[in-house]
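Every heavy atom of this structure was used, including side-chain atoms; hydrogens, water molecules and symmetry mates were not. Every chain is numbered from 1, with letters handed out A, B, ... down the list of sequences.
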Amino acid sequence: MPQFYGTEVRSRLLLGTARYRSPAMLAEAVRRSGTDIVTVSLRRETAGGRQGGAFFDLIRELGVRVLPNTAGCHSVSEAVLTAKMAREVFATNWIKLEVIGHHDTLQPDVFGLVEAARILAGEGFEVFPYTTDDLVVAERLVAAGCKVLMPWCAPIGSAMGPQNLPALRAMRGEFPDVPLIVDAGIGRPSHAATVMELGYDAVLLNTAVAAAADPAAMAEAFAKAIEAGHMAHGAGMLEPRDMAVPSTPIIGKAVFS
Amino acid sequence: MTYIVNGEALESGATTLSDLLLALEYEGEWLATALNGELVHRQDRGACRLSEGDRIEILSPMQGG
């Protein structure tokens with residue numbers, strides 16, 4: 001099983017907690033997924049903070065590790081402050097660092113991301129950066145202190161699946177020893193299996209499970225696809241060929257005419 | 001005094017951050033607070049004196065992706 005910042009995890013699936021139709025559906029999806037890491041956020045709340053407290057209790061009851069995010073932050077200073085506030089609440093050095101650069105695509109602002117990652121790593125955070133599939137940016141993130149990389153495979157919530165497999169493959173080849181998690185853009189289990197077949201360490205999902213008609217069943221389907229893709233990568237896959245190759249032996253075939 | 005709490009102007013007689021939280025009926029160990037863009041640790045809220053126009057953020061855990 002992969003290790004993130006020295007912590008070995010039980011599952012290659014990381015699950016987001018947003019957009020479920022009820023807390024019970026969220027809880028059931030987390031259980032069926034087998035995940036031990038869920039992402040959470042911090043938001044302003046007017047009702048004295050009780051709603052947040054109820055959510056926090058639910059997460060604690062599930063007995064999973066939390067990966068707080070800086071979702072919605074558009075500047076370095078916002079992301080850094082949100083990370084510090086998250087550490088105060090969730091008592092973890094882990095932070096899923098998002099610095100959003102574009103309103104429509106939610107593409108990361110990779111320049112701000114590298115800067116924020118460097119600041120946070122310097123303050124003892126263990127940064128999980130939500131980034132693009134750009135190799136040079138990935139190198140800068142590693143130089144800034146990131147020991148995990150989380151490239152997107154398509155825009156957040158788009159369900160488009162991997163849009164640039166050669167880039168994801170190149171990133172795996174370039175960083176054989178850095179845990180790589182595909183974060184964002186996965187729509188169906190076959191997408192998750194595809195990136196796992198490339199040798200990725202894990203997949204982070206949210207909408208594809210939360211917005212499914214049956215989130216718990218979808219969570220389990222993803223867990224199976226992720227395990228299958230991982231196992232297939234380890235087993236060594238056949239490369240595609242242009243021509244047919246008979247699978248049944250030719251030698252010894254009867255001749256009837 | 002007038003403070004900006006979570007982006008909205010608010011009149012309050014509270015002079016420290018912990019008093020403000022009490023006055024606004026925020027409770028719970030899960031809250032995170034910031035004053036003018038800087039984190040204020042839980043244990044420092046009592047000593048954290050507020051001034052006119054201060055910007056205060058009070059955040060709590062929420063669902064996230």
Side-chain angles (χ1 to χ4, degrees), chain A residues 14-20 23 26 38-60 66-72 75 77-78 80-91 96 98 106 123 130 156-157 183-184 204-210, chain B:
Chain A
L14 289 73
L15 197 59
T17 55
R19 304 190 60 179
Y20 294 84
L26 162 62
V38 298
T39 54
V40 294
S41 71
L42 280 183
R43 285 289 180 268
R44 289 171 169 175
E45 198 184 338
T46 47
R50 279 168 211 96
Q51 218 179 321
F55 172 67
F56 199 20
D57 287 344
L58 171 70
I59 296 300
R60 283 195 283 205
V66 296
L67 174 58
N69 69 26
T70 63
S75 71
S77 57
E78 256 186 315
V80 168
L81 177 57
T82 302
K84 289 178 180 174
M85 294 178 84
R87 179 157 70 177
E88 173 91 353
V89 170
F90 297 109
K96 172 181 162 177
E98 292 185 33
L106 299 182
E123 301 211 13
Y130 160 63
I156 294 174
D183 175 13
L204 199 166
L205 296 166
N206 190 345
T207 312
V209 169
Chain B
M1 281 190 283
T2 305
Y3 307 123
I4 311 295
V5 178
N6 286 352
E8 292 188 9
L10 189 134
E11 286 288 332
S12 173
T15 54
T16 66
L17 185 52
S18 55
D19 285 348
L20 182 70
L21 288 176
L22 269 178
L24 297 178
E25 297 183 336
Y26 277 97
E27 52 187 42
E29 49 182 309
W30 52 78
L31 297 172
T33 49
L35 174 64
N36 298 327
E38 296 289 337
L39 172 72
V40 180
H41 289 291
R42 194 176 289 128
Q43 65 272 20
D44 298 336
R45 287 173 195 153
C48 178
R49 302 203 69 81
L50 301 177
S51 308
E52 176 75 22
D54 274 348
R55 290 175 295 112
I56 295 135
E57 288 287 331
I58 306 165
L59 304 186
S60 67
M62 203 59 64
Q63 295 82 351

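Counting all heavy atoms, side chain and backbone alike, A/Gly52 lies closest to B/Ser60 at CA-OG, 3.8 Å. When all heavy atoms of B/Ala32 and A/Leu42 are compared, the pair lying nearest together is CB-CD1, 4.4 Å.
Among A/Val89, A/Leu67, A/Asp183, A/Thr82, the residue making the largest number of heavy-atom pairs under 4.5 Å with chain B is A/Val89. Of the listed residues (B/Thr33, B/Val40, B/Leu39), the greatest number of heavy-atom pairs within a distance under 4.5 Å of chain A belongs to B/Leu39. Note on A/Pro23, A/Ala71, A/Ala18, A/Ser41: by heavy-atom pairs under 4.5 Å with chain B, the leading option is A/Ser41.
Heavy-atom distances place no part of B/Glu8 under 4.5 Å from chain A, backbone and side chain included. Only the side chain of A/Glu98 has a heavy atom closer than 4.5 Å to any heavy atom of chain B. Proximity to chain B is limited to the side chain of A/Leu81, based on heavy atoms less than 4.5 angstrom apart. When heavy atoms are compared at a cutoff of 4.5 Å, B/Val5 does not approach chain A at all. Within the 4.5 angstrom heavy-atom criterion, no atom of A/Tyr20 approaches chain B. Heavy atoms of B/Ile58 lying under 4.5 Å from chain A belong exclusively to its backbone.
In this structure, the side chains of B/Pro61 and A/Ile59 stay at 4.5 Å or more apart for every pair of heavy atoms. A/Arg43 has its side chain out of reach of B/Gln63: every pair of non-hydrogen atoms, C-beta onward, lies at least 4.5 Å apart.
Counted within 6.0 Å of CD on B/Glu38, heavy atoms from surrounding residues, nucleotides or ligands total 12 or fewer; the atom is thus considered open. More than 12 heavy-atom neighbours from other residues, nucleotides or ligands sit within 6.0 angstrom of CZ on B/Arg45.
Applying the salt bridge (Lys or Arg N to Asp or Glu O under 4.0 Å) test to A/Glu88 and every residue at least two apart in sequence or in another chain returns nothing.
The backbone N or O of B/Asn6 lies less than 3.5 Å from a partner atom in the side chain of A/Arg44, making a donor-acceptor pair. The main-chain N or O of B/Gly64 is never found under 3.5 Å from a side-chain atom of A/Asn69 such that the two would form a donor-acceptor pair.
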